[in-house]
Amino acid sequence: MSRLFEESSINQMSLKNRFVRAATWEGLATEKGEATPELMEMMASLAKGGVGLIITSHSYVSQEGQGTPWQLGVYDDKLIPKLEAMASAVHENSGKIVMQLAHAGLYAEVALTGRPALAVSDPAGFPEGNIKTITPVEIQRLVSSYAQAAKRAQVAGFDGLEIHSGHGYLLSQFLSPAYNKRQDEYGGAIENRVRIHLQIYQAIREVVGTDYPIMVKMNGSDFIENGLTREDSLKAAKLFADAGFDAIEVSGGIIRTGKLSPSRPGITTEDKEAYFEEYATHFKSNIKTPLILVGGLRSFTIADRIVAEGIADYISMSRPFIREPDLINRWKNGDLRKAECKSDNLCFTPGFEGHGVYCVTRELEKNKISGQHTTSRFS
């Protein structure tokens, strides 16, 4: 039996296999960030399909931090009942679900929030707009927002948390010299640029207790000029491990700039898969904290090798599950064909049209109708 299907645990969270559904914006929440029946159905389908751990989409911890329309929110106690139903939908199907906590920072959608986007420092060189630089007082308010959001997730029955510090969102901006030019205790050396992360971790730990899993997602590299380097990312990972984070998910790239995005198209051969593997190898040889690898994984053989060789402890995928929520059961039952995902990124287009993400290519193949979407928000 492959190690991919062995049981394991992250802190006190027991997992039935080593497959993770990476945080994926579904475009299925209400305008206020409430979980909908369609979103709950999607989560249930992933659990039924055999995914060991589901990580929610980036869920905004305060209203000015919303980055996309129809994005899941965790900024208000009024959201808890629907979140509780969402977590229950997963648990009823023998799955585990972790809430990803996020803030879009400079890339918040001010048209949706009606508030200025928060930049880590002077955003010269980045898109102009309704932007203000976050003050030390606002940083402490933000730390509190993360802690309050974490408590809501715990009350709602989620099995753990993941702090989103990748892909150019606010905490990623703190890590990146391209965005962070602060002259105070939050800028300069990497030890200062991780300060807000450690403050958030400590504030959350104080409200959720020692047994509740807290993970972090971070870039191995930003792949942009003056961005976070591999060397500094490892230093940050070591500081996260020393602080007590229960797992680290390694990713890379910036969503709105740079040539190497987190969701690269054209993953058609095995040599193009696992494009952050070298960063996982670098991390794993220096820290003992459980490591989750995301990025272009499509083949069972590649996933199996990565875990067998100790490059990472968990395999995280996003787009393959949009097309095949039952992929893990298929593999477990002996059908080891690679994921059917075409890596064309067409799945996100209907999300921005208000229909929720789904595999457009599969629908075109199924209906043999060229250039037409379904009208359903969930498929």
Side-chain angles (χ1 to χ4, degrees), residues 9-13 15 20-23 25 29 32-35 39 43 53-67 71-88 90-91 96-105 108 118 134 138-166 169-172 174-175 194-218 239-249 289-290 292:
S9 62
I10 296 176
N11 198 324
Q12 298 300 306
M13 177 175 60
L15 301 173
V20 177
R21 184 268 201 168
W25 170 72
K32 294 181 179 180
E34 299 166 298
L39 182 54
M43 298 299 101
L53 176 62
I54 299 165
I55 303 177
T56 70
S57 57
H58 59 150
S59 306
Y60 54 108
V61 300
S62 57
Q63 287 178 290
E64 84 284 343
Q66 183 178 1
Q71 179 185 354
L72 190 65
V74 64
Y75 61 88
D76 192 287
D77 288 351
K78 294 178 181 178
L79 300 170
I80 292 175
K82 297 293 180 60
L83 291 173
E84 186 174 15
M86 179 174 162
S88 294
V90 172
H91 295 152
K96 296 291 176 68
I97 185 167
V98 158
M99 170 76 74
Q100 188 184 75
L101 305 181
H103 190 295
L118 295 179
I134 190 169
E138 289 168 330
I139 288 175
Q140 293 311 307
R141 188 178 303 133
L142 183 67
V143 169
S144 178
S145 294
Y146 272 89
Q148 292 171 40
K151 190 61 181 179
R152 292 183 190 108
Q154 187 182 43
V155 169
F158 284 77
D159 299 291
L161 305 163
E162 182 177 74
I163 308 302
H164 191 9
S165 184
Y169 289 116
L170 183 61
L171 295 183
S172 174
F174 269 94
L175 286 183
V194 303
R195 190 180 302 276
I196 187 173
H197 302 73
L198 303 185
Q199 290 177 339
I200 287 171
Y201 171 81
Q202 188 58 43
I204 291 175
R205 186 58 81 197
E206 288 175 2
V207 299
V208 301
T210 58
D211 294 339
Y212 199 64
I214 306 176
M215 312 188 303
V216 62
K217 184 172 189 174
M218 63 176 295
L239 291 166
F240 294 156
D242 290 344
F245 277 97
D246 296 301
I248 297 172
E249 184 175 14
T289 298
I292 305 167

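With hydrogens and angles disregarded, no donor-acceptor distance shorter than 3.5 Å links the side chain of Asp246 to the backbone of Leu161. No donor-acceptor pair closer than 3.5 Å links the side chain of Gln100 to the backbone N or O of Ala23. Using modelled atom types, no side-chain atom of Thr56 and backbone atom of Ile54 make a donor-acceptor pair closer than 3.5 Å. Arg205 places a side-chain N or O within donor-acceptor distance of the main-chain N or O of Tyr212, the cut-off being under 3.5 Å. With hydrogens and angles ignored, the 3.5 Å screen pairs no side-chain donor or acceptor of Ser144 with any backbone N or O of Gln140. A side-chain donor-acceptor contact under 3.5 Å links Tyr201 to the backbone of Gly244.
The two residues Ile292 and Ala247 come nearest to each other via the heavy atoms CD1-CB, 4.2 Å. Minimum heavy-atom separation, Ile134 to Leu142: CD1-CD2, 4.2 Å. The two atoms that bring Asp159 and Val98 nearest to each other are C-CG2, 4.5 Å, heavy atoms only. Nearest heavy-atom pair across Trp25 and Ser57 is CA-CB, 3.6 Å. Ser145 and Ser62 get closest at one heavy-atom pair: OG-CB, 4.1 Å. Taking every heavy atom of both residues into account, Ala87 and Ala156 meet most closely at CB-O, 3.7 Å.
Using a 4.5 Å heavy-atom threshold, the side chains of Met43 and Arg21 count as touching. Within the 4.5 Å cutoff, no side-chain heavy atoms of Lys78 are placed close to those of Glu34. Counting heavy atoms from C-beta outward, Leu39 and Lys82 have side chains that stay 4.5 Å or more apart. Taking the side chain as every heavy atom from C-beta outward, Leu175 and Leu171 never approach each other to under 4.5 Å. For the pair Asp76 and Lys32, the minimum side-chain heavy-atom distance is 4.5 Å or more. Using a 4.5 Å heavy-atom cutoff, the side chains of Glu84 and Val155 are not in contact. Within the 4.5 Å cutoff, side-chain heavy atoms of Leu72 are placed close to those of Leu83.
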**Study point:** Leu53/Met215 under side-chain contact (heavy atoms from CB on, under 4.5 Å): CA gap, chis, key distance, verdict
**Key:** CA-CA 12 Å; Leu53 176 62; Met215 312 188 303; 4.2 Å; yes
Practice item. Could you give me the CA-CA distance, side-chain angles and deciding distance for Ile55 and Lys217, then say whether side-chain contact (heavy atoms from CB on, under 4.5 Å) is met? Key: CA-CA 11 Å; Ile55 303 177; Lys217 184 172 189 174; over 6 Å; no
Point to revise | Steps toward side-chain contact (heavy atoms from CB on, under 4.5 Å) verdict (His91, Ile97) | key: CA-CA 8 Å; His91 295 152; Ile97 185 167; 4.3 Å; yes
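Asp77 has no carboxylate O lying under 4.0 Å from a charged side-chain N of Lys151, or vice versa, which leaves the two without a salt bridge.
Remark: Tyr75 OH to Ser59 OG distance equals 11.5 Å, nearest 0.5 Å. Atom-to-atom distance recorded for Asp242:CG and Thr289:OG1 is 8.0 Å, nearest 0.5 angstrom. Atoms NE2 and CG, from His58 and Leu101 in turn, are 12.5 Å apart once rounded to the nearest 0.5 Å. With values rounded to the nearest 0.5 angstrom, Ile214 atom CD1 is found 7.0 Å from Phe245 atom CZ. Atoms CD and NE2, on Gln63 and His103 in that order, are 10.5 Å from each other to the nearest 0.5 Å. Separating the CE atom in Met86 from the CZ atom in Phe158 is a distance of 4.5 Å, to the nearest 0.5 Å.
In summary, the aromatic rings of His197 and Phe174 are positioned with their centroids too far apart to meet the 6.0 Å limit.
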